[in-house]
Number of protein chains: 2
Amino acid sequence: MNVLSTSVNECFSGRVANTTRSAEIAKVLLVEILRGQFRVGERLPSERDLAARFRSGRGAVREALSQIEQLRLIEINPGGARIKSVRDSSIAVLGPLLALEESPNALLVDQFLETFSVLTQLSGRRAISAMSTDQQHALLKRLEEMTDRFATGELGQDELHAFLESLGEISNNLVVRLIGNDLRTQLFERMIFKGRETTLNKNYHLQLLKGMRDGIQSRDGNLFSKSLEEYFEELRVGVFQLLDSEIVEESKVL
Amino acid sequence: MNVLSTSVNECFSGRVANTTRSAEIAKVLLVEILRGQFRVGERLPSERDLAARFRSGRGAVREALSQIEQLRLIEINPGGARIKSVRDSSIAVLGPLLALEESPNALLVDQFLETFSVLTQLSGRRAISAMSTDQQHALLKRLEEMTDRFATGELGQDELHAFLESLGEISNNLVVRLIGNDLRTQLFERMIFKGRETTLNKNYHLQLLKGMRDGIQSRDGNLFSKSLEEYFEELRVGVFQLLDSEIVEESKVL
DNA sequence: TCTTCAAATTGGTCTTACCAGTTTGGACAG
DNA sequence: CTGTCCAAACTGGTAAGACCAATTTGAAGA
C-alpha cells in the first residue's frame with residue numbers, strides 16, 4: 001500500500017515530495033527489516049525484484065540498499081544482500097527504531113537518556129577544567145539569566161540544550177561531539193519529543209541550574225557532573241512514566 | 001595519481017580489488033574533504049565532472065556521494081552538493097579522520113579513549129546491577145582465569161576486550177552497544193592499533209583485574225567503575241606518549 | 001546598477017546492456 | 001538412493017544514454 005501510494009504520487013504529480021526515490025525505498029525497507037520481517041542471515045530480494053516491486057529503476061534501489069548497508073543492517077555481496085542483526089548495526093538506526101511505533105519504546109528512550117547523561121557529564125567535566133576565566137564568567141552570566149527566566153516560567157528546553165551544547169563547544173572533545181551529533185540527529189531532529197513536555201517537577205530544574213552554577217563558580221567538575229547526573233536521573237523517571245502511560249492508553253484504544 | 005592507479009587496476013586486471021568502484025571513489029573524495037581541500041559551503045564538482053575525473057559512470061559517483069552524505073559531510077541538493085563542517089558530521093568519520101596520517105592524531109585517540117572509558121564504565125555499572133548470580137559467578141571465574149594467564153604473561157588485549165564486551169551484553173543497553181559498534185568499527189576493525197602494543201606498566205592491568213573482581217564480588221558498581229576509570233586513565237597516558245613519540249620520529253625522517 | 005529571463009547546468013530517475021562471480025538445480029556417476 | 005559436478009540462471013557491479021524538473025548562471029534589457 002505504502003509503495004503504491006508513493007509511486008502514484010510520483011507518476012501523477014511528478015515530484016511533490018522533497019525526498020528522493022531512493023530515500024523512500026530505503027525507509028520502507030528499513031522499517032521492514034527493523035520489524036523483523038526478515039530473519040538474520042536471510043537473503044533480501046534481488047535488486048531487480050525490489051525495483052519491480054517499488055516500480056522504480058535499479059539505480060534507486062541500489063542507492064537505497066547502499067544506505068542501509070552503511071547502517072550495517074545488511075551486507076551486500078555478489079550473490080545477494082543478507083540481513084544482519086540490529087544489535088551489530090550503527091547508532092544511526094536508533095531513530096528509525098524509535099519511530100517504529102508512534103509511541104517510542106520507553107525502555108529505549110530511557111537507555112538513550114542514560115547514555116546521553118554520561119556523555120553530557122563528560123562534556124561538562126572537560127569544559128570546566130578547560131574553560132578560560134572569560135568563558136567561566138560568560139557561562140555564569142548566562143546561567144543567571146536562565147535562572148531569572150526560569151523564575152518567570154519562560155525558560156524553554158531548547159535554551160537548556162543550547163547551554164549544554166556550548167559546554168560541548170568548550171570541552172573540545174570531537175569524539176563526544178560527533179556522537180552527540182548522531183544522537184541529536186536520531187532523536188531531536190526527528191521530533192520524537194514533539195509535544196511531549198516534561199512533566200518534571202520544577203524543583204529539579206532549579207537544582208540543576210544551581211548545581212551547574214556552583215560547579216562552574218568553584219571549577220568543581222565533580223560537583224557539576226553530579227548535578228547533571230541527578231537531573232538526568234529525574235528526567236529519566238519522568239520520561240519513562242510518560243511514555244509508559246502512553247502505551248497503556250494505546251492498548252486502551254485498541 | 002591515486003585515481004589513475006585504481007582505474008588502471010580496473011581496466012587491465014578487471015576486478016582484482018574486492019572493493020566496489022563507488023567505495024573507492026567515496027574514499028578518495030572523503031580524504032580530500034577531510035584534508036580540507038574544499039571550504040565549508042563550497043560546491044563539489046558535479047556528478048558528471050566527477051564521473052569524468054574518475055573515469056567511471058555517474059551511477060558509481062552518485063553512490064559514493066550518497067555514502068558521504070550519510071556521514072553528513074556533504075549536503076546534496078538539486079543544483080549541487082555542498083561541503084559541510086566536519087564538526088557537524090557523523091561519528092563514522094572518526095576512522096577516516098584517524099587514518100588521514102599514518103600515525104593517528106594523538107589528541108583524537110586520547111579523546112576516543114576518554115569517551116570509550118565513560119561508556120565502558122556505564123556498561124559496567126549497569127551490568128553489575130543487572131547480573132544474575134549465575135552471571136556473577138561466571139564473570140568471577142573468568143576473571144580468575146584471566147588473572148592466572150596474566151601471571152604467566154599470556155593474557156592478550158583481545159581477551160580483555162572480550163570480557164568488557166560480555167559486560168555490555170549483560171548490561172543490556174542497546175544505545176551504548178550501538179555506539180560501541182560504531183566506535184569499534186571506526187578503530188579496532190581498521191587496525192589502527194595494529195602492532196602498537198601498550199607499553200603500559202603491568203601493574204595497572206593487575207589493578208584493573210583486581211578492581212573488577214572486587215566490584216563484581218561485592219556488587220559495587222562504583223568500585224568497578226572506578227577501577228575502569230583509573231585503568232583507562234593510565235592507558236590514555238601511555239597511548240598518548242606512544243603516538244606523540246611517533247610524530248617526533250616521523251618529523252625526524254622527514 | 002538592478003532586474004529579468006532564457007540557456008546551460010545539475011541532480012533525480014529510468015532503461016538497456018555487459019561482465020564476472022555466485023547460486024541453483026538437474027544430470028550423471030557412484 | 002546418494003553424492004558430485006557442471007551448466008544455466010541469477011545476482012551484484014558498472015557503464016552509457018536519455019529525459020525531466022529545478023537550480024544556477026550570465027547576458028540582455030530597463
Side-chain angles (χ1 to χ4, degrees), chain A residues 3-4 6-29 38 41-70 72-84, chain B residues 3-4 6-29 38 41-70 72-84:
Chain A
V3 182
L4 287 180
T6 59
S7 68
V8 166
N9 181 9
E10 276 276 319
C11 293
F12 279 70
S13 48
R15 219 77 220 314
V16 172
N18 49 4
T19 77
T20 62
R21 195 85 184 84
S22 56
E24 284 178 29
I25 297 173
K27 194 175 172 186
V28 172
L29 288 178
F38 303 93
E42 188 178 344
R43 244 182 41 191
L44 222 53
S46 74
E47 295 175 354
R48 290 170 178 83
D49 286 349
L50 289 174
R53 171 187 159 193
F54 288 104
R55 288 165 179 71
S56 68
R58 249 186 87 201
V61 170
R62 275 185 64 76
E63 283 179 28
L65 291 182
S66 167
Q67 286 167 20
I68 297 179
E69 189 185 31
Q70 266 197 292
R72 271 177 272 126
L73 271 175
I74 63 174
E75 191 178 348
I76 306 178
N77 281 314
R82 298 201 119 84
I83 305 290
K84 293 173 65 181
Chain B
V3 182
L4 287 180
T6 58
S7 67
V8 167
N9 181 12
E10 276 275 318
C11 293
F12 279 70
S13 48
R15 218 76 222 312
V16 172
N18 49 5
T19 76
T20 63
R21 194 87 185 82
S22 55
E24 285 178 29
I25 297 174
K27 194 175 172 186
V28 172
L29 288 178
F38 303 94
E42 189 178 343
R43 245 183 38 192
L44 221 53
S46 74
E47 294 176 354
R48 291 169 177 85
D49 286 350
L50 288 174
R53 171 186 161 195
F54 288 106
R55 287 168 181 71
S56 68
R58 248 186 88 201
V61 170
R62 274 186 64 77
E63 282 179 29
L65 290 182
S66 167
Q67 286 167 22
I68 298 179
E69 189 184 31
Q70 264 198 294
R72 271 176 273 127
L73 271 175
I74 62 174
E75 191 179 347
I76 305 178
N77 280 315
R82 298 200 120 85
I83 305 291
K84 294 172 62 180

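Proteins come first, then strands; the chains are lettered A, B, ... in the order of their sequence lines, and each starts at number 1.
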**Q** CZ of B/R21 versus P of D/dA15: gap in Å, rounded?
**A** 6 Å

**Q** Please tell me which of the listed nucleotides, C/dT13, D/dA15, D/dT23, lies nearest to the side chain of A/S22?
**A** C/dT13

**Q** Measuring from the side chain of A/R48 (C-beta onward, heavy atoms only), which nucleotide among D/dA15, D/dG12, C/dT24 has the closest atom?
**A** D/dG12

**Q** Using a strict threshold of under 4.0 Å (side-chain N to carboxylate O), is an ion pair present between A/R21 and A/E24?
**A** yes

**Q** Is there a side chain to side chain contact (heavy atoms under 4.5 Å, CB included) between A/L65 and A/L29 once you walk through the steps?
**A** CA-CA 9 Å; A/L65 291 182; A/L29 288 178; 3.9 Å; yes

**Q** Take the C1' atoms of the five end pairs on each side of the helix from C/dT1-D/dA30 to C/dG30-D/dC1, derive the two axes, and give their angle rounded to 10 degrees.
**A** 0°

**Q** For B/R82 and B/V61, take the nucleotide of DNA chain D holding the closest heavy atom to each; which residue's nucleotide lies nearer the 5' end?
**A** B/V61

**Q** Where is the tightest heavy-atom contact between A/A26 and A/I68, given as atom of each residue plus distance?
**A** O-CD1, 3.8 Å

**Q** Can you tell me how far P of C/dT22 sits from CG of A/L44, to the nearest Å?
**A** 19 Å

**Q** Can you find a heavy atom in the side chain of B/F54 that is under 4.5 Å from one in the side chain of B/S22?
**A** no

**Q** Once you round it to whole Å, what is the distance between C1' of D/dG12 and CD of A/E75?
**A** 14 Å

**Q** I'd like to know whether NZ of B/K84 has more than 12 heavy-atom contacts from other residues, nucleotides or ligands below 6.0 angstrom.
**A** yes

**Q** D/dT24 C1' sits how many Å from B/N77 CG, rounded?
**A** 13 Å

**Q** Roughly, in whole Å, what's the span from CD1 in B/I74 to C1' in C/dT10?
**A** 14 Å

**Q** From D/dA15, C/dG12, D/dG13, pick the nucleotide closest to the side chain of A/E47?
**A** D/dG13

**Q** C/dG11 base to B/R62 side chain: any donor-acceptor pair below 3.5 Å?
**A** no

**Q** Please check if the side chain of A/R58 supplies one atom and the backbone of A/R48 the other of a donor-acceptor pair under 3.5 Å.
**A** no

**Q** Taking atom C1' of D/dG12 as reference, at what distance in whole Å does atom CD of A/E63 sit?
**A** 15 Å

**Q** Please give, in whole Å, the distance from C/dG11 P to B/E69 CD?
**A** 12 Å

**Q** Between C/dG11, C/dT10, C/dC14, which nucleotide gets closest to the side-chain atoms of B/R43?
**A** C/dT10

**Q** From the list D/dT14, C/dG12, C/dG11, which nucleotide is the closest neighbour of the side chain of B/S46?
**A** C/dG11

**Q** Base, sugar-phosphate, or nothing: which does A/G80 touch, judged by heavy atoms less than 4.0 Å apart?
**A** sugar-phosphate

**Q** Please report, rounded to the nearest Å, how far the P atom of D/dA15 is from the CD1 atom of B/I25.
**A** 7 Å

**Q** Measuring from atom CD1 of B/I74 to atom CD of B/Q67, what distance do you get when rounded to the nearest 0.5 angstrom?
**A** 10.5 Å

**Q** Can you tell me whether the side chain of B/R58 and the base of D/dG17 have a donor-acceptor pair closer than 3.5 Å?
**A** no

